[in-house]
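For reference, the structure discussed in these notes is given below.
Numbered from 1 within each chain, the chains take letters A, B, ... in sequence-line order.
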Amino acid sequence: MNRLGKLKLTACFVMLSVGANVAHADVVVVVSAKCTTTTMTAEEISQIYLGKSKSMKPVETSGSPIRSQFYSKVAGKDEAQVKAIWSKLVFTGKATAPKELPTSAEVVKAVAADSEAIGYIEKSAVDSSVRVVYAVP
Amino acid sequence: MGFSCKQAGALLAVAVCATAPNAEGMTFDFGGFGTAGVAWADTNKAEFARDSQPSGADSTGDIGLDSVVGVQGTVHLTSSISATTQLMLRRSYSRGFTLDVPLAFLKDAVTQDFAVRVGRLQLPTFMISESRQVGFANTFVRPPMEVYAQSAVDFVDGVDGQYGHSFGPIDIAAGAFYGKVDVTLPSADVSARKLSGANISATWGPVTLHYGRVVGRITVATAADPLIAAVGAVGFTQLAAQLSSVDRVITFSDLGLSLDWHNFLLQGETSQAEFGGYIADTRGRYALVGYRIHKFTPYASYAVRKVISPTTDSTIPQVGPLLPLALGVDALLAAHGQHTTSFGVRWDFHDSLDAKLQIDRVSPEGPGLFINVKPGFSGPVTVAALVVDFVF
């Protein structure tokens, strides 16, 4: 392989990694800073966000690009599957779907204000009012 | 209000910061679901219907078989008490589209694991009874009638308790109810009393096992009542008592399994329905397999219904003046099995929208579960359905 070829390959590789970084923002799961909970497992978070556990009140950003990343990494489900699971729970009157808020900033605000709330946001949106309990891989 | 959060015990390390939820005011949730569908059957001598629908699909095409729209609102009065009402427009017990109220209850989430509901509730007879109208929540276009048409009653007015808890990796959901219901079907008035039941499902990773049981006492008033009275009047009092559908014990039991492992789907149920009186006891079973390929889920299913009680009676001699009565009794006891092989594909083409195409090859014994059967009808019948499901 000549030099130019190698260069092209490297360029491609760099572009691919940049692409991957854009698609996968660092996403973290947060609870109120007033909670002493320091870590949670993906299993526990998944149980809350799929309606199997009512131990906390899930909050999320509506129409956010981090949503599919969160559900696929934490629960192993795509968005249609998650919606199907919730439509089963909601329309049988058994549970209320995660509360949707327009922005990550509002998710932070809602989680900070409610000791039972849990949210997932971009790492960059974390402030001192919330505590990170899980980093989405 | 002070916040004092605490970490949950070591056994179940779910983060519980239980003491001080945010005291928000009254909130309101609204949502809905629906299916727009059209179905055809390759016969014009009978109609393929769901449940107790009085008309169904034949060769002219039918939008009433699978189409439905439901809306639901919940008012959260306090952090634990809420009121929910669901309205649903579909073809149910009459020919046109009618507005039902499948849910209308007050709920008190007593603890994180336990809630009590009072009001109009969906009858949890089979594994997906409560969500069977929500096409988006299901793989197939409609649950197999071989199982789901065994119960003509969808809802109950009463009280239930719902329990859910995770024991390590196993999620348990259980419920128990008590209530009554009166419904007017196309050909009968059904009154069920002392209806009670319990169900439990356990989910471990991709596998869910479900068991449910419903018992009660029903009285069914139909055009057959004078015939039963005549049987008694001519001296066959024991037979008349056997046929009577007044205050009879009914029992439904259902065992279900579902598996969602990687992209592989498996779902099946085996159920039994026992009615006192002339209504046939039946057993219904189905199995569905599917495989998710990106946005497409092709699937296949097989369903079978068997009649497990006698469909003829020889008490009245089939000769002389009593012949019409004897034939009448046999007509009353008549019930038919059916089996169906189905193929379909679900396409999740948009967020909150899916489209499905399903072809059923329905093989009835005699008329099977077909309705409005005309002379000369015989199976098997192919039913094709094209639907779009949505949630909002």
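For Ser166(B) against Gln47(A), the heavy-atom pair with the smallest separation is OG-NE2, 3.3 Å. In this structure, Gly93(A) and Leu103(B) approach most closely via the heavy-atom pair N-CD1, 3.9 Å. When all heavy atoms of Ala137(B) and Ala84(A) are compared, the closest pair comes out as CB-O, 3.8 Å. Across all their heavy atoms, Lys94(A) and Lys107(B) have their closest contact at O-NZ, 3.1 Å. Residue Phe91(A) comes nearest to Phe392(B) through the heavy atom pair CZ-O, 4.2 Å, listed as atom of the first residue, atom of the second, then distance. Taking both residues in full, the closest heavy atoms of Asp171(B) and Lys52(A) are given as OD2-CD, 2.9 Å, listed atom of the first, atom of the second, then distance.
Interatomic distance, OG1 of Thr96(A) versus NE2 of His76(B), reported as 4.0 Å (0.5 Å rounding). Between the NZ atom in Lys88(A) and the CZ atom in Arg132(B) there is a gap of 13.5 Å [rounded to 0.5 Å]. The CG atom of Asp78(A) sits 11.0 Å away from the NE2 atom of His294(B) when rounded to the nearest 0.5 Å. With rounding to the nearest 0.5 angstrom, the CG atom of Asp114(A) is 9.5 Å from the OG atom of Ser79(B). With values rounded to the nearest 0.5 angstrom, Ser53(A) atom OG is found 7.0 Å from Gln112(B) atom CD.
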>> Test side-chain contact (heavy atoms from CB on, under 4.5 Å) on Lys77(A) and Asp260(B); report intermediate values, then the result.
In response: CA-CA 10 Å; Lys77(A) 307 274 180 202; Asp260(B) 186 341; 3.9 Å; yes
>> Could you go through Glu79(A) and Asp348(B), starting from their C-alpha distance and side-chain angles, then the distance that decides it, and tell me whether this counts as side-chain contact (heavy atoms from CB on, under 4.5 Å)?
In response: CA-CA 10 Å; Glu79(A) 284 194 73; Asp348(B) 284 285; over 6 Å; no
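Judged by distance alone, with hydrogens and angles left aside, the side-chain atoms of Gln122(B) form no donor-acceptor pair with the main-chain N or O of Thr92(A) at under 3.5 Å.
Gln81(A) is listed as a side-chain neighbour of Arg292(B), based on a closest heavy-atom distance under 4.5 Å. Using a 4.5 Å heavy-atom threshold, the side chains of Asp113(B) and Lys54(A) count as separate.
Looking at Asn138(B), only its side chain comes within 4.5 Å of chain A, counting heavy atoms on both sides. At a 4.5 Å heavy-atom cutoff, the contact between Ala95(A) and chain B is made by backbone atoms alone. Only the side chain of Ile128(B) comes within less than 4.5 Å of a heavy atom of chain A; its backbone N, CA, C and O stay farther away.
With hydrogens and angles left out, the side-chain atoms of Ser352(B) and Lys83(A) include a donor and acceptor closer than 3.5 Å.
Taking Gly32(B), Ala109(B), Gly31(B) one by one and counting their heavy-atom pairs under 4.5 Å with chain A, the maximum is reached by Gly32(B).
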